[in-house]
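Working notes, beginning with the structure itself.
Chain A is the first sequence line, chain B the second, and so forth, proteins listed ahead of strands; every chain is numbered from 1. No experiment lies behind these values; they were computed from the predicted model shown. Only this structure's heavy atoms are used, side chains among them; waters, hydrogens and symmetry mates stay out.
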There are 4 protein chains.
Amino acid sequence: MKVSVIGATGYTGYELVKLLTRHPEFEIACLVSETYEGKLFSDVYPQLRNICDLTIMGRDYEEVSARSNIVFLCLPHAAAQDAAAFFHGMGLLVVDFSADFRIKDAALYEATYGVPQKYPVLLYEAVYGLPEIFTSQIQHSKFVANPGCYATSVITPLFPLIKEGMVEHEGIIADSKSGVSGAGRKSDLAFSYCECNEDFRPYSIFTHRHTPEINHILKNTGANTDILFTQHLLPMNRGIESTIYVKTKSDLDTIAGCLRLFYKDRRFVRIYDNGHIPSTNDVANTNFIDISLFVKDERLIIVSCLDNLIKGASGMAIQNLNLMCGFDETLGLLG
Amino acid sequence: MKVSVIGATGYTGYELVKLLTRHPEFEIACLVSETYEGKLFSDVYPQLRNICDLTIMGRDYEEVSARSNIVFLCLPHAAAQDAAAFFHGMGLLVVDFSADFRIKDAALYEATYGVPQKYPVLLYEAVYGLPEIFTSQIQHSKFVANPGCYATSVITPLFPLIKEGMVEHEGIIADSKSGVSGAGRKSDLAFSYCECNEDFRPYSIFTHRHTPEINHILKNTGANTDILFTQHLLPMNRGIESTIYVKTKSDLDTIAGCLRLFYKDRRFVRIYDNGHIPSTNDVANTNFIDISLFVKDERLIIVSCLDNLIKGASGMAIQNLNLMCGFDETLGLLG
Amino acid sequence: MKVSVIGATGYTGYELVKLLTRHPEFEIACLVSETYEGKLFSDVYPQLRNICDLTIMGRDYEEVSARSNIVFLCLPHAAAQDAAAFFHGMGLLVVDFSADFRIKDAALYEATYGVPQKYPVLLYEAVYGLPEIFTSQIQHSKFVANPGCYATSVITPLFPLIKEGMVEHEGIIADSKSGVSGAGRKSDLAFSYCECNEDFRPYSIFTHRHTPEINHILKNTGANTDILFTQHLLPMNRGIESTIYVKTKSDLDTIAGCLRLFYKDRRFVRIYDNGHIPSTNDVANTNFIDISLFVKDERLIIVSCLDNLIKGASGMAIQNLNLMCGFDETLGLLG
Amino acid sequence: MKVSVIGATGYTGYELVKLLTRHPEFEIACLVSETYEGKLFSDVYPQLRNICDLTIMGRDYEEVSARSNIVFLCLPHAAAQDAAAFFHGMGLLVVDFSADFRIKDAALYEATYGVPQKYPVLLYEAVYGLPEIFTSQIQHSKFVANPGCYATSVITPLFPLIKEGMVEHEGIIADSKSGVSGAGRKSDLAFSYCECNEDFRPYSIFTHRHTPEINHILKNTGANTDILFTQHLLPMNRGIESTIYVKTKSDLDTIAGCLRLFYKDRRFVRIYDNGHIPSTNDVANTNFIDISLFVKDERLIIVSCLDNLIKGASGMAIQNLNLMCGFDETLGLLG
């Protein structure tokens, strides 16, 4: 299987390339970046010298299409729309990292991102790529919209609990924190070392774009949620932690049992109800999402941790592609 | 005024000594530490060579008492009880950093800390030292119980709003994060560099000892709260941020106006309702507490930031002592 | 004394403003920044809300000149030349943070910085502002060229030792490391958080511009040096450490004695020969430079630490201005 | 091949276990730790839940011997002597991480480490495990002494250059810096988060134990060196950088050619002479050592970077074992 990456030189592109070099079934065909065209990938990321020394291509989608069966789109939202439509039209399997096809409701997408949805018909094709939740749709799909990293950390624990009526839909609060790599690889004073180091702050209060995504996807449980979702910037490279506050009338055993049943045999979801509190380091550089549960006085606190670049982006994308190709979902992702 | 510090070699002791060396009215008499007896303070903290080269004393409270008008107790809870009783009995002004006299209800203290309150009668003397809230009591007190750092970040914004009925008492959630210095200066694998760096996690879920302190002090508003309070450990040295979720029927202007009125002329409380989101860096190495307010759909989000070692401990202690001595509360604290 | 700062919104400008707000003799007149004209200084640095809320001016040097006795130039090299000439011509005391007037040899300056020296005659006026070395020249000067941060860490320990013939001039190696704030406040991928965090590397090998500055200034000892000087970027905000390798036939006592005599009564130079190894944290946020000395087998290793923004820039500038104004050099710099 | 790890719960043990779980030819038999006996390995390192959930054994070397073909000793120096002798005597392949058998000269070992060499005869068996230098000895050995992390970063670039007479033996200076994980996993105030974060300092000036190791191994080139070797502690988890100053009469091409020839076909040694300056991030979490070369005025500066836990310890150990077992040296180490 020949795989290409569009937008290969961002942080998610880099992690993806690393994972692809280790994967037994996928071979990298083209790495595309307009900024770095003509350079070796290992010039941009010297970490990969002797591992991936391919020459970066410019934006020649015809060429990519001719040489690949599969394409990953690591592009900003809006920019991904045309590329997705093109490669899907050419018959390639597409995994799109952007937000462009996550939200089925074109109006909601447009209100959230301030750009038109040019391919509303494609929304019928795109499957929201939470691999442990929408497994069979992904297995039968040729076009997966890879979820947002924050959204993954919030939806994964909540989806089964809301679906099975274990918790109240009202008043859920998700207080999330992310490492700086979530902001991407760019020249921006706000994300310069001295501005982020030894500092911590919330951002996008009441206005983060993953909020509509979360509520939209949770509708698939049959319930309407209106989650209050707040993000913070951590002085570290990678990792997302979400502390989620939920009202419940169930007890810890029942709640843990519900999650364990739903995620039975899914190796990347690790559930704790024994008091262990996961940390971002527990999941760093892995495709795991760790979830722990605490109940007291009709209050459930969920702690959810993942690596925003792996389980929140590139690892999840490989996992989705494994499912789309009929492979074991863990292939190439366990070390 | 001759000032002594018991437990001078911890991080709060160190910050206190630094502040005292800059204060125009206070002179350091004795620095006490059993561990470092006989060493120069600047042997333990070479930062202060040529600034504070006093020899550290062992635990000779009679001697301290003879040479001082004022004593700061930077001791662990339980350990501070006897010292506080002794120095108060000897007529010194006492500022106690421990939790021993913060909670007036001896049974609640004992349940929370698992040790007996040996001096319940002293609870009538001790004033809870939130300088902007209990100002006049502090001004007339000889014994101040310095608040907890987390508690300060939560109580300061909530107290006026609850007192004036601006917000609901029910369902308040405070999601707080602290730098590692909050754990103190000690040899402990859990707080070693490699365990904390590039990591983030909650701790003490449902069980943190500042929760009873917060609810107990907020009772002074006339309302009963049952705050859900969660803490997290940040990979940085200093700073506390609390994101506080409150239900309200008031609008932003009214809420901001209430806080501004309550903290009128109090220089160390900075209130934002213009969208500025404070960060821990905004208050690092200062005695400020920054509070910003966001309202939407009957939800109030408060962001509260302070330096846990200054406004959350040693700076606040000096501020309290300034009030106790009849000085301007900002004396020695603005640079 | 009315003081203005040109280029006030960089990191050295910010530290300078903080120091000025605490200084008993200087009052800030104008803060100039083209980028932030019209904003409050505390909009750019919310840390200083309630401390310095002045409105930032655009580049109106006539106005600055009319309102000030003293001006600090926190401008990039080349850009400072005209400003220095103007303000010096208008009779203001000038402290120039740039490299423009540090090197008396115009040809060397031009070769090093690749720009012409437009005001060679001003080189006769400018005094190299190492306050502990060129004290009396600074006291009689109206124009001080503030030294480079790295250069300060290397010249301060070496100058007396070379001057007194305590060490060989040949083969000196200075291996220096700096925190990221040394690169200034800017949008630059190379200094973004994720590129610097958990990373360490040398840069400018054989080509750093402080090398000519160091050798040029050391010529004042009467000796010619050709120091091999290497820099590294540390994953931290502030601090410079230089490990300096020197050949010597003297013993530790003689060497330490030489330095102690030269820096007698100079409070900001702290010298250790007792095995204490200083660290950048020993001097963080202070105007101290810590120097320790180790001798074995005709080898001298000097460890030199300072805060690049204080003793390496803004604190040293205030110290120089104190000398120019006839004040005690420590005024406003001890906390 | 059944592999056991003695001292499995330190940082090198953890990295070793991670690598072993990914290796196609080795299977973990026993994980030994006296401190954590009876716990699951994934209780100590939750990162490995679902990856390595073996129960940790206490110190039963007979049992280990019965169940294993190979043993890794991750023990402190001195403590490893008996274990090495025992397992070697039982016929297991041994890779010893400690310093106990690195130095063939028992007197030098005893002078350096202050403990007796109880098994001098074993010194004839032990091969110093720098895999790219002592390849054939390692391939024929049953007992490898894994090199020190610092020593690896210094010896790897210097060995061929000294052997081929490309550089002078005299006056070599290696200025090395290491992340905190080099100090091991322990409760120690000096390595606590707040003491190391935002700080940088040298340590063990003139006295580091890797100095004799480096000079001793370099004797194999036929030359006597007396390297001046200094270490510094970096505020980061992992990575070693050495900046090495050498005198040379050769030019860059000749020097680079010498290294390239010596390390021909050795995938883990990456050599740069094009101006690229490697950083610790280039090699983080990999078994690569990156070396770059700069020559000017008869001065050679070598920059050498490796991951102290991988190429400096556990990755190199696997690489050695691969050689001992007749496998490709890269097996299990490229992803």
Handout entry: Portion of C:Arg185 that has a non-hydrogen atom of chain A nearer than 4.5 angstrom
Key = both
Completion exercise
Rounded to the nearest 0.5 angstrom, the CZ-CD distance for A:Phe191 and C:Glu195 is 14.0 Å
Problem - Test side-chain contact (heavy atoms from CB on, under 4.5 Å) applied to C:Ser192 and A:Ser192, step by step - result: CA-CA 4 Å; C:Ser192 67; A:Ser192 67; 5.6 Å; no
Practice task
Give, for atom CG of C:Asp188 and atom CG of A:Asp188, the distance between the pair rounded to the nearest 0.5 Å.
Solution key: 11.5 Å
Completion exercise
C:Cys194 and A:Asn237 have their tightest heavy-atom pair at CA-OD1, 3.6 Å
Exercise for the section: State whether the side chain of C:Tyr193 and the backbone N or O of A:Pro235 hold a donor-acceptor pair below 3.5 Å, judged by distance alone. Expected result: yes
